[in-house]
Amino acid sequence: MGRLSAALLVLSMICAMGVVTSQHRARKVFVELEAEQLAQHKLDDEFTQLQLEEGTWATNKRIESIAAKGLGMRLPDGSNTVIVTLDARAAGVKP
């Protein structure tokens with residue numbers, strides 16, 4: 001009976017160590033999961049911020065302002081506009 005008790009004691013100690021080890025691993029993985037979720041949240045926020053910034057940089061008014069100030073461009077007025085008509089035969093289009 002003494003041998004059986006010792007064997008059961010050793011077996012229960014091994015099982016207890018297994019439970020402790022698996023719980024430690026589970027907690028460690030959970031902490032890693034939370035850290036990755038936090039990183040994902042930060043990246044989502046940064047992506048949203050970048051989308052807003054892109055929308056701001058790409059507005060028509062801003063592009064017109066840069067074209068006018070930086071490149072000296074301006075909208076054409078009626079006196080500078082030329083309308084070109086194309087003869088259908090010269091374009092190779094069959095009537």
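Remember, it's a predicted structure, so these values are computed and weren't measured experimentally.
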ask   = So how far is it from I66 CD1 to M73 CE, rounded to the nearest 0.5 Å?
value = 12.0 Å
inquiry  = Keeping S65 on the side-chain end and K61 on the backbone end, is there a donor-acceptor pair under 3.5 Å?
reply    = no
task = To the nearest 0.5 Å, tell me how far N80 CG sits from L75 CG.
result = 11.5 Å
inquiry  = If I take atom CG from residue L33 and atom CG from residue L38, how far apart are they, to the nearest 0.5 angstrom?
reply    = 11.0 Å
message = Which heavy atom of P76 sits nearest to which heavy atom of T81, and what is that distance?
response = CB-OG1, 4.4 Å
query = Rounded to the nearest 0.5 Å, what separation is found between the CD atom of E53 and the CD atom of E46?
reply = 10.0 Å
ask   = OG of S22 to CZ of R27: how many Å apart, nearest 0.5 Å?
value = 9.5 Å
query = Which distance, rounded to the nearest 0.5 Å, do you find between the CZ of F47 and the CD of E54?
reply = 8.5 Å
